[in-house]
2 protein chains.
Amino acid sequence: MATASRALSPRGSASDSTRLRVAAAASELGYTPNPAARALATRTGTRIAVVVGGHTAHVLNDPYVARVTAATASVAASREVGVSLHWLPLHDPAELGRLTESRDVGGIILVNPTEPALATVPRSARGRVAAIGIGSRIVPSFDVDNATGTTNVLEHLLVTGRRRIAMITGPAWLPCTRRALTAYQRATEAAGTPPRLIPGDFTATRGHHAATEILTRWPDTDAIFALGDLSALGALDALRTSGVNVPGDIAIAGFDDLPYATLSHPPLTTTTNPIESITTAAATTLLDRQTAPPLTLHPSTLIVRATT
Amino acid sequence: MATASRALSPRGSASDSTRLRVAAAASELGYTPNPAARALATRTGTRIAVVVGGHTAHVLNDPYVARVTAATASVAASREVGVSLHWLPLHDPAELGRLTESRDVGGIILVNPTEPALATVPRSARGRVAAIGIGSRIVPSFDVDNATGTTNVLEHLLVTGRRRIAMITGPAWLPCTRRALTAYQRATEAAGTPPRLIPGDFTATRGHHAATEILTRWPDTDAIFALGDLSALGALDALRTSGVNVPGDIAIAGFDDLPYATLSHPPLTTTTNPIESITTAAATTLLDRQTAPPLTLHPSTLIVRATT
DNA sequence: CTGTTAGCGCTTTCAC
DNA sequence: GTGAAAGCGCTAACAG
């Protein structure tokens, strides 16, 4: 019994002969390991929780979150574990603590956490929590390289002769927004270009309004960079309505490279957000109990289409 | 110990007094049930598998599949179980049998199954498998009401004076395509209108090509109905490029009501596909071990925007 | 390296 | 209605 267990496990010590013998017997009898029993014996947990920070439960319907969940569920499948999806109310992150205590949660993927939320992760949970977004001393972070992505976009805008570049940001509480913001400030400063910031929330509607606002506040703007393709598309829509020529009068660039980015008129210049690979990396780390570096950044690559 | 178990379970027989006493003690000691132990004892499974039929593993990256997975993971979370995501190669559906055998899979949600795939579900799995798409004698189906959705769209097109309506379908192997097709044939026949069918695959690219093909094969077409918003958007793009006026010359309608549908020029008329509610219904049935009717159809509601 | 022995935390007989 | 005892299928600890 124990021998069998050892033989089947890659890290158990068993001679090659028994290993083979056991493997043969196993397939002979149609043996299938029972993850529940294993989880009980090793108290290792039977699922990994995807926990999404947000102000309303609505975040659970976000397509971006859906992609994270699906990618996690896909790598989880190969380890015979499951994934559950939870909303973490940012005004009361206590729920996170409960999940880290839960005996059957083997790992937690924190999506869009805030500093306060990260602070509630107990030290004892080290190695069982990973973040997509910012991390902390005990939570390793896996994220898209927002700063470089933003810098690349701005660089491209500058190289193509734009000088008065406005930016539509994401929600202020989102750490990734802040990183992009810093990159923007650094770039505009270096170029001796005036900073023009409008807060956004990643939605098309807000992007639309933001663009209108930009037009009235800074009529001589010659480029708009929106954090999030949906906002960029909304902005594009607003400009078209106002009779502004894109990219003739104003260039537009987004962030994410959503499927629809290629369908707009003109097709949207943007930079990729490889969320599936990011998620896979985070989930793999958790499931294989690897110790991850504090920060793993996945590159965002610029895709120049016709709005710039 | 046993008493406690009985008291905590809603269906256990215990007097109200002990039930209260146990509940008090439980919260006092911060007791948390261990799903793995329960799963082992009841051999009830520790996760539910979302199994997606398709020809390549690429289906796992489909945003539609992601939404199904996320919705499942969300209801699963409340029952303390997880979700895993699997690709079911349609050319070799044997994997499905393996999953139904697996001791730790408590339920299976079959996405886009085909008849052959459904045939591999053993009778013994009745009650542990639900389908989003077509079902079978032993697999209850949860789906969007494709037929009525399609009929509504066509009705709307007819009422607004369109007579030569072309349809861009989905992949032929997808049963939902066939249902929509039937509705289309019925409607065109009733209206004494010529059927004009072009196969599609739900992508924007294919929608683009399909529209071009429609233009050359049936130049007098006055409406295009695409199964899937992405295809509709692709078609819209093609028409614009060809200088066709939408909706002046040709009306366009899609199916799904994706977020992008509102962003096109003009905004796309479409009909909803409430996949989250559908999924929630299927998952709930599985997790609560309810017996579902053979077919549960969720309504698709027409959203008239400006392409018709 | 391999066999034996205890549990992991719950539910389920089975007596009382 | 309630307690005692026997597992569910595995791995960890301990001898050999």
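Side chains are part of it too, since the values below use all heavy atoms of this structure and drop only hydrogens, waters and symmetry mates. Labels below follow one simple rule: chain letters A, B, ... track the order of the sequence lines, proteins then strands, and each chain is numbered from 1.
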What nucleic acid atoms does A:Pro35 come within less than 4.0 Å of, heavy atoms only: base, sugar-phosphate, or nothing? nothing
Side chains of B:His298 and B:Thr296: do they bring a donor and an acceptor to under 3.5 Å? no
With B:Arg179, the side chain to side chain donor-acceptor pair (under 3.5 Å) member among B:Asp143, B:Thr148, B:Asp145: B:Asp143
In whole angstrom, give the distance that lies between atom CZ of A:Arg43 and atom P of C:dC8. 7 Å
Does the C:dG3 base have a donor-acceptor partner in the side chain of A:Arg6 within less than 3.5 Å? yes
Separation of A:Asp104 atom CG from C:dG9 atom P, in whole Å? 12 Å
Residues at least two apart in sequence or cross-chain that pass side chain to side chain contact (heavy atoms under 4.5 Å, CB included) with B:Thr32, listed by chain then number, are none
Using only modelled atom types and a 3.5 angstrom limit, is any donor from either the side chain of B:Arg19 or the base of D:dG1 paired with an acceptor on the other? no
Separation of D:dG1 atom P from B:Leu20 atom CG, nearest Å, is 15 Å
Find the distance A:Leu40:CG to D:dC10:C1' and express it as a whole number of Å. 8 Å
Indicate, with a heavy-atom threshold strictly under 4.0 Å, whether A:Thr32 touches base, sugar-phosphate, or nothing. sugar-phosphate
From the set D:dG9, C:dC10, C:dT11, return the single nucleotide nearest to any side-chain atom of B:Thr42. C:dT11
Can you confirm whether more than 12 heavy atoms, excluding those of A:Glu28, are under 6.0 Å from its CD atom? no
Walking DNA chain D from its 5' end, the first of B:Arg103 and B:Thr18 to be reached, judged by nearest nucleotide, is B:Thr18
Check the distance between D:dC10's P and B:Asn34's CG and give it to me in whole angstrom. 17 Å
